[in-house]
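Scroll down for the structure; my scribbles are underneath it.
Just so it is clear: chains get the letters A, B, ... in the order the sequence lines come, proteins before strands, and each one is counted from 1.
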Amino acid sequence: MKGTGGAQPSARTLRATRHNENSGANEEHIKEEEEADRDAPGPLTTSRKQPVKEEPKAETPPKPRKRQKVKKEDPVAAQMVKLAPVPPTAYTGPFPKLMRPSPEECRAARDGLARLHGEPEHAKQIKPDPEAGADSLHTHSQQQVLDSLVRTILSQNTTDNTSHRAFASLKGAFPTWEEVLQAPSGKVEDAIRMGGLAEIKTERIKAILSTLKQERGKISLEYIRDMEDDDIKNELTRFKGVGPKTVACVMMFCLARDEFPVDTHVWRISKNMGWVPAKANRDDTYRHMNIRVPADLRYDLHVLLVEHGKRCARCAKNGKPRKESHGDCPLVNLQGSAPAKDLLDEDIVKEEAKDMEEDDIVKQEVKVKEEVAS
DNA sequence: TTGGCCCCTGAATG
DNA sequence: ACATTCAGGGGCC
């Protein structure tokens, strides 16, 4: 009922058409310069800050960072931040002082989990193979990205089993996306009903198909294969029903990018392990882990943590695994393996949590002041 | 900003 | 054996 009210994708669609071409690359460079600048221990600390800020190009830095903003507005606080220990690598996430999971810990977790659950299967990349020529593989890859996106949308709010069935059922009923777009919504809903939220998902999928056809004359997402990571994220999240986790999955599974999707299992285990503060939300966890987990471990670690989260009595939600156990949890050893460092990490986690609370207080004070002023 | 809501499956509980 | 309850799953408002 509620979901049907938004039959107009136009607002979002319009908003999105503007981030194309070069902007992403520029922002990247600016960001890198900023970070390099901040990391430099040299004495030139006071001379900067204006030039970058006034850069006319970077008018709207859209989303990242939120609590740091509060600190930066206060010059004194900004100084203190500058003096605080800075990680060796540039860090733009929400928990700068939290160094876990270390690369070694990630590696150990991956290896331990792989020993328990087996080595993750890496999907063969469907790249246009020059030797293969233009054959059916190519035709298949035409819709591969869109398939992956729809598959992931269908997996939202439901288990693997039912979402696979829903996707198969949809494909069976409507072999091409054009047919899905033309079909009455009721028929599409019937095809995916077993996955849950059929009305909502149908509306969202059709909106995507319709937008693609309208904008590009072709119901395909293959064009994002060549785009930069940030551009892909902008391009996909503009669609209603496509959030960060869905995009990360498409990018990691289908496009082989170095993404680390944070689903409910990864989120829960990350908190339990102290890799993020216990009160971290999913988005902050995503941003932290995508920096801390080494790129070459992200795929394996994601797949293994999800599997582990379903099977391990210790790591499953409420201690109730949904699938049969494969054995003792290898993650237990990680926390105890480096005692001195561990204490430090725990302290850091607490410190981060405290920082967050303090920031909240500051924010509230600011808000109160604003309200009083107005 | 947070948490309630969306809805079907299948396991758990009565 | 059947009926009922409830967790799971991500995004939106």
Out of [options], which has the shortest distance to the side chain of [X]?
{"X": "A:R282", "options": "B:dT9, C:dG11, C:dC12", "value": "C:dG11"}
{"X": "A:R165", "options": "C:dG10, B:dT9, B:dC8", "value": "B:dT9"}
{"X": "A:T162", "options": "C:dC13, B:dG10, B:dC8", "value": "B:dG10"}
{"X": "A:K317", "options": "C:dG8, C:dG11, B:dC7", "value": "C:dG8"}

- prompt: Is a salt bridge present between A:R238 and A:E235, judged by a nitrogen-to-oxygen distance below 4.0 Å?
  reply: yes
- prompt: With a 4.0 Å cut-off, would you call A:E119 and A:R110 a salt bridge?
  reply: yes
message: Given A:H326, which partner from the list A:R115, A:H308, A:R311 fulfils the side-chain contact (heavy atoms from CB on, under 4.5 Å) test?
response: A:R311
Rounded interatomic separation in angstrom, taking [atom1] from [X] and [atom2] from [N]:
{"X": "A:H265", "N": "C:dG10", "atom1": "NE2", "atom2": "C1'", "answer": "12 Å"}
{"X": "A:E199", "N": "B:dC7", "atom1": "CD", "atom2": "C1'", "answer": "10 Å"}
{"X": "A:D160", "N": "B:dC8", "atom1": "CG", "atom2": "C1'", "answer": "15 Å"}
{"X": "A:R193", "N": "B:dC7", "atom1": "CZ", "atom2": "C1'", "answer": "10 Å"}
{"X": "A:D190", "N": "B:dC7", "atom1": "CG", "atom2": "P", "answer": "15 Å"}
{"X": "A:Y286", "N": "C:dG10", "atom1": "OH", "atom2": "C1'", "answer": "14 Å"}
{"X": "A:L154", "N": "B:dT9", "atom1": "CG", "atom2": "P", "answer": "14 Å"}
{"X": "A:I205", "N": "C:dG11", "atom1": "CD1", "atom2": "C1'", "answer": "14 Å"}

query: Which comes earlier along DNA chain B counting from the 5' end, the contact point of A:P321 or that of A:T158, where each point is its nearest nucleotide?
result: A:T158
Of A:N161 and A:L197, the one whose closest DNA chain B nucleotide lies more 5': A:L197
- prompt: Which part of the nucleic acid, if any, lies within reach of A:G243 when heavy atoms closer than 4.0 Å are counted: base, sugar-phosphate only, or nothing?
  reply: sugar-phosphate
message: Please check if the number of heavy atoms outside A:E179 that lie under 6.0 Å from its CD is greater than 12.
response: yes
field: A:S169 side chain to A:A191 backbone, donor-acceptor under 3.5 Å
entry: yes
query: Under 4.0 Å: is that the gap between some side-chain N or O of A:T246 and OP1 or OP2 of C:dG11?
result: yes
- prompt: Counting only side-chain N and O atoms of A:K201, is one of them less than 4.0 Å from OP1 or OP2 of C:dG11?
  reply: no
